[in-house]
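This report concerns only the one structure given below.
Everything quoted here is computed from the prediction, not taken from an experiment. The analysis underlying the following values was restricted to heavy atoms, covering all of them including side chains, and did not include hydrogens, waters or symmetry mates.
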Amino acid sequence: MAEKLSTATSYTEDDFYCPVCQEVFKTPVRTAACQHVFCRKCFLTAMRESGIHCPLCRGNVTRRERACPERALDIENVMRKFSGSCRCCAKQIKFYRMRHHYKSCKKYQDEYGVSSIIPNFQISQDSVGNSSTGHPTFKCPLCQEANFTRQRLLDHCNNSHLFQIVPVTCPICVSLPWGDPSQITRNFVSHLNQRHQFDYGEFVNLQLDEETQYQTAVEESYQVNF
């Protein structure tokens, strides 16, 4: 039976949440110099963006760590042993199973999932524009600074808003033909790093609808294989 955290341990529930994604650790890793712990994926993403600095304190990280960070096995073991409260339904769940629980927790989905109906919320009409070169530009939804290209918006948010968790609408998503202005992104910076590392226009024809693009892809695959 899972044990609850108590005064008998030196850990609190906050010790099992990644400072980057704000979720329970998934494959936790630890920096050698400052001993800060992150999800492995969050750490590697931050390394690609910041280069040589710890995502939390900006301390130095070795080249070896940047490529192959050390697993925080002690944290993993504690997560398997102890339970914590789901942040939404308060059910006691082993920490290593918490992310799996979130997938089936209705209260968590209602609070942090993507809602199809957002009352009294509209995206600003000037959140998407065009540069002098014809490429789209975007307004940062976190500080309202404007005229960012996709790459500059990504760099700006990683440098200025890395730990800012505010529900917003992604202006890049809205600019796409299939964009939904009612879709809310709970962690905008994480969303940018996961979904917008490249320009969609380099890979698909944004003037074509989804069905036409699918048919084109099928036809081209036949030409390659035959």
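The structure places CG of Leu162 at 10.0 Å from SG of Cys157, a figure rounded to the nearest 0.5 Å. To the nearest 0.5 angstrom, Leu56 atom CG is 9.5 Å from Cys18 atom SG. Distance check, rounded to the nearest 0.5 Å: CD1 of Ile184 to OG1 of Thr169 gives 3.5 Å. Taking OG1 of Thr137 as the reference point, atom CG of Leu153 lies at 10.0 Å (rounded to 0.5 Å). Summarising the geometry, atom CG belonging to Asn147 is positioned 12.5 Å from atom SG belonging to Cys140; distances are rounded to the nearest 0.5 Å. A distance of 15.0 Å separates SG in Cys68 from CZ in Arg63, rounded to the nearest 0.5 Å.
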- Task: Would you please test Arg71 and Glu76 for salt bridge (Lys or Arg N to Asp or Glu O under 4.0 Å) and show each step?
- Result: CA-CA 9 Å; Arg71 292 274 292 271; Glu76 288 189 34; 2.6 Å; yes
- Would you please test Gln144 and Lys139 for side chain to side chain contact (heavy atoms under 4.5 Å, CB included) and show each step? CA-CA 6 Å; Gln144 303 306 307; Lys139 176 183 288 187; 3.1 Å; yes
- Query: side chain to side chain contact (heavy atoms under 4.5 Å, CB included) between Thr27 and Lys41: does it pass, once the steps are laid out?
  - Reply: CA-CA 8 Å; Thr27 314; Lys41 183 176 181 180; over 6 Å; no
- Item | Trace of the side chain to side chain contact (heavy atoms under 4.5 Å, CB included) decision for Met79 with Val24 | CA-CA 9 Å; Met79 289 176 67; Val24 173; 3.4 Å; yes
- Message: Between Ile52 and Arg66, is the side chain to side chain contact (heavy atoms under 4.5 Å, CB included) condition met? List the steps.
- Response: CA-CA 7 Å; Ile52 61 174; Arg66 296 198 296 271; 3.2 Å; yes
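Put simply, Val168 and Phe163 are part of the same group of oily side chains (I, L, V, M, F, W, Y) that touch within less than 4.5 Å, one to the next. Under the 4.5 Å side-chain heavy-atom criterion for grouping Ile, Leu, Val, Met, Phe, Trp and Tyr, Val166 is connected to Val189 within one hydrophobic cluster.
Inter-residue side-chain proximity for Gln92 and Ser85 is flagged as met; some heavy-atom pair is nearer than 4.5 Å. In this structure, Val174 and Ile172 have side chains that are not in contact, with every pair of non-hydrogen atoms separated by 4.5 Å or more. Between Leu44 and Pro69, some side-chain heavy-atom pair lies under the 4.5 Å cut-off. With contacts defined as side-chain heavy-atom distances shorter than 4.5 Å, the pair Tyr17/Gln22 does not qualify. With contacts defined as side-chain heavy-atom distances shorter than 4.5 Å, the pair Glu145/Ser160 does not qualify. Residues Val61 and His53 have side chains not in contact (no heavy-atom distance under 4.5 Å, counting atoms from C-beta outward). Put simply, the side chain of Cys39 does not reach to within 4.5 Å of the side chain of Pro28, judged on heavy atoms.
The distance between the ring centers of Phe95 and Phe16 falls below 6.0 angstrom. Taking the ring centroids of Phe138 and Phe148, they lie at or beyond the 6.0 Å cut-off.
Under 3.5 Å, the side chains of Ser190 and Gln194 contain a donor-acceptor pair of N or O atoms. With hydrogens and angles left out, the side-chain atoms of Arg152 and Thr149 include no donor and acceptor closer than 3.5 Å. Side-chain atoms of Glu65 and Thr31 form no donor-acceptor pair, as typed in the model, at a separation below 3.5 Å.
Listed here is the closest heavy atom pair of Cys170 and Thr185: CB-OG1, 4.1 Å. In terms of heavy atoms, Cys54 sits closest to His36 at SG-ND1, 3.5 Å. Here the closest non-hydrogen pair linking Thr12 and Asp15 is N-OD2, 2.8 Å. When all heavy atoms are compared, the tightest approach of Asn187 to Val20 is ND2-O, 3.7 Å. Of all the heavy atoms in Glu13 and Gly84, the pair that sits closest is OE2-CA, 3.5 Å.
We find that Arg99 and Glu23 are not joined by a salt bridge, their nearest charged nitrogen and carboxylate oxygen being 4.0 Å or further apart.
Taking the six-membered ring for Trp and thresholds of 30 and 60 degrees, His191 and Phe188 have nearly parallel ring planes, at less than 30 degrees apart. His161 and His156 have perpendicular rings, their planes meeting at more than 60° on a 0 to 90° scale where under 30° would count as parallel.
In this view, Tyr96 satisfies the ring-ring contact (aromatic ring centres under 6.0 Å, His included) rule with no residue, not counting sequence neighbours.
Counting only distance, with no hydrogens or angles, the side chain of Arg150 and the backbone of His196 share a donor-acceptor pair below 3.5 Å. With hydrogens and angles disregarded, a donor-acceptor distance shorter than 3.5 Å links the side chain of Ser104 to the backbone of His101.
Within 6.0 Å of CZ on Arg40 lie no more than 12 heavy atoms contributed by other residues, nucleotides or ligands.
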